[in-house]
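In what follows, a structure is listed as structure tokens, so that the remarks can point back to it.
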2 protein chains.
Amino acid sequence: MKLQQLRCIREVARQQLNISAAAEALEMAQPGVSNQIRQLEDELGVQIFVRHGKRLVGTTDAGRKILEMAEQTLSQGDNILKFSQDLNNSRSGTLTIATTHTQARYILPRVIKAFRERYPGISLQIKQGNPDQVASLAANGTADIAIATEAIQTHPRLTMIPCYKWNRCIAALPDHPILKVNPLTLEEIAKYPIITYDFAFTGRSRINEAFEEAGIRPNIVLTAMDSDVIKTYAELGLGIGIVAEMAFSPENEQTLGVRSAAHLFTDSTTRIGIRKGAYLRQYLFDFIELFSPNLTEAKVRHMLAKNGQTA
Amino acid sequence: MKLQQLRCIREVARQQLNISAAAEALEMAQPGVSNQIRQLEDELGVQIFVRHGKRLVGTTDAGRKILEMAEQTLSQGDNILKFSQDLNNSRSGTLTIATTHTQARYILPRVIKAFRERYPGISLQIKQGNPDQVASLAANGTADIAIATEAIQTHPRLTMIPCYKWNRCIAALPDHPILKVNPLTLEEIAKYPIITYDFAFTGRSRINEAFEEAGIRPNIVLTAMDSDVIKTYAELGLGIGIVAEMAFSPENEQTLGVRSAAHLFTDSTTRIGIRKGAYLRQYLFDFIELFSPNLTEAKVRHMLAKNGQTA
DNA sequence: CACCGTTACGGTATCCGTAAGGATT
DNA sequence: AATCCTTACGGATACCGTAACGGTG
């Protein structure tokens, strides 16, 4: 059994059972991948993939288990490589961050600016997605770290570290009556068409809960995956936006009037997710501390240790 | 990085930095091992071993960490192999049990007899040692399971499962006064020379504690690593033996008089130790259940899961 | 027909053995 | 002197690429 064989089956599984795609991702030719898979299956004496003639159409029960164990093995192996790179040149490497639009657009810029100054040699990669995707990317090692608000707190392979709480605000055209009504209530908001986040996104469920508990059916006319789109349509007068408060900085935003709605919705907590058992390079600890200054390396290590972290 | 390279450095570390011995254990020639190690060190750019000229004299700090991660990786890889073998022929394979003399001699025979009847194709291997060695053998994967009484309850890489409690009894020549004294006390015992277990062995520390608490200095004239030796010298009239109660079966032992000393010493608990994250073949669960019938597969799985077990 | 996986084949690199050479104790 | 690790070299093997073939939708 060789690590390369495990890499092959893992990649094929990740590419929806497409060997050609897996070969490309692995930077090898299709036949090579085919061969490695066959050799592994022969050596183990276990079919991993279900074949319909010459097409892969699924994984066997045993295959799923083997794939899971292969991921573990490869993760462990990666730890050795990362650790070594860390020793040699802590100044070069890659940091891949999986996160949602709101974080990438409004929170990360200042963090990344500071990080780049400290580690100019590290190349950064931001992978965006919805919270589920973000969690998966970190869980399978494609990303070093996940930053998101929901759905990820229960992922079995991630250790979650709470960073900060936030809430929503209301954005509307400057002359919109909602900006002056007193007090601001859910009933008042529900009188107008609403623009907010796509379901299962940045705290969207908290918005639903609030209206549901109050027995109000809001008129949601448009949902989007990112705050900028919501703001854009609010500027067009399509309705009032319910947006994460960090999407507004005090100095900008003359085109929209903004007021806090923190008293109407439950706080959401943004968390960092780290794959259990991962080796964390020094600069990742520094990144986390830049992101949330109270999360010192010692604190993070302690939280990881509590969660069955190996390394 | 290849698994074979990891195997090489692991074996060298296990063989006290002796490449020749490692090569033999790996069934390859010395130069091959040397090469693999060098290649790995080159690829990682990290020195793992400290060399004095041409001799390995230690591991670097980084090397120790890498060795630890390598063991993890190889363990995970082994899980895949074991799992596959389990699917193919659950009737063939090897079960390696690391345990102490007392278990091997007095408890395991009936268990192994039953096990062999159920799995005639599985070859069994018993590795004996003191409790520390037993724990290490299971922790590093040389043995599938550890069975012992102390020292192992705190091993960080093992999940411990308590099986049963036991205590000691007094063995002496049939006409020895200690067999009739009433009540049997530590003071009475301490009047005579004592033969018992080697220190750090099958519950020896419990014996020490008891005398210490009572403020008595027993006259221990001989210590041994196994119950048979103790019994032999008791038969020679060298003193009275303090022995694990399971070392006596009711029907045998006419040469020695026996009486219980359970009221004088704290109970000891015999535990099974299993490496965290190990894949357990079906027959291992059956073996455990034979050893301790209340430990069903479901219960064992549950205890392992609580302890950060992956597979 | 387009796509996908397998088989066949050949060059290259890797692995691992033997044999000989320096170091260390 | 004995032990031990390294270097050097050669043969077998494994790996991986290209090219051609066979199923599948």
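Quick note on labels: first sequence line is chain A, next is B, and so on, each numbered from 1.
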Requested in this report: In whole angstrom, give the distance that lies between atom CD of Gln39(A) and atom P of dT6(C).
Outcome: 13 Å
Report task. Kindly point out which of dT18(D), dT6(C), dT7(D) is positioned nearest to the side chain of Arg38(B)? Result -> dT7(D)
Query raised in the report: Which part of the nucleic acid, if any, lies within contact of Ile37(B), taking any heavy atom under 4.0 Å across all strands shown: a base, the sugar-phosphate backbone alone, or nothing?
Result: nothing
**Report entry** Residue whose nearest DNA chain D nucleotide is more 5′ - Arg55(A) or Gln4(A)
**Finding:** Gln4(A)
Report task. Using a heavy-atom cut-off of under 4.0 Å over every strand shown, decide if Gln5(B) touches base, sugar-phosphate, or nothing. Result -> nothing
Report task. Taking Thr60(B) for its side chain and Ile48(B) for its backbone only, find out whether a donor-acceptor pair lies under 3.5 Å. Result -> yes
Query raised in the report: Does the pair Ser227(A) and Arg105(A) meet the rule for a side-chain hydrogen bond (donor to acceptor under 3.5 Å, both in side chains), with working shown?
Result: CA-CA 9 Å; Ser227(A) 313; Arg105(A) 174 80 171 72; over 6 Å; no
Requested in this report: Using whole Å, report how far NE2 of His52(A) lies from P of dG23(D).
Outcome: 16 Å
Report task. Among dT6(C), dC16(C), dC15(D), find the nucleotide with the atom closest to the side chain of Gln36(A). Result -> dC15(D)
Query raised in the report: How close or far is atom P of dC5(D) from atom NZ of Lys54(B), stated in whole angstroms?
Result: 11 Å
Query raised in the report: In whole angstroms, how far is the P atom of dC15(D) from the CZ atom of Arg7(A)?
Result: 12 Å
**Report entry** Within 6.0 Å of CZ in Phe285(B), more than 12 heavy atoms from elsewhere
**Finding:** yes
Requested in this report: In whole angstrom, give the distance that lies between atom CG of Asn18(A) and atom P of dA2(C).
Outcome: 18 Å
Query - Proximity to the side chain of Pro31(A) - top-ranked nucleotide from dA19(D), dG5(C), dC16(C) - result: dA19(D)
Query - For Arg281(A), the option from Asp144(A), Asp86(A), Asp286(A) that meets salt bridge (Lys or Arg N to Asp or Glu O under 4.0 Å) - result: Asp86(A)
Query raised in the report: Within the structure shown, what part of the strands sits under 4.0 Å from Gly32(B) by heavy-atom distance: base, sugar-phosphate, or nothing?
Result: nothing
Report summary line: To the nearest angstrom, the CG-P distance between Leu40(B) and dC15(C) comes to 11 Å
Query raised in the report: Using a cut-off of 4.0 Å on non-hydrogen atoms, how would the nucleic acid contact of Ser34(B) be classed: base, sugar-phosphate, or nothing?
Result: base
**Report entry** For atom CG of Leu17(A) and atom C1' of dT6(C), their distance in whole Å
**Finding:** 17 Å
Query raised in the report: Could you give the CD-to-C1' distance, from Gln30(B) to dT6(D), as a whole number of Å?
Result: 11 Å
Query raised in the report: Can a side chain N or O of Arg51(B) be found less than 4.0 Å away from OP1 or OP2 on dC4(D)?
Result: no
Query - More than 12 heavy atoms of other groups within 6.0 Å of Glu24(B) CD - result: no
Query - Ser20(B) vs dT3(D): side-chain N/O to OP1/OP2 distance below 4.0 Å - result: no
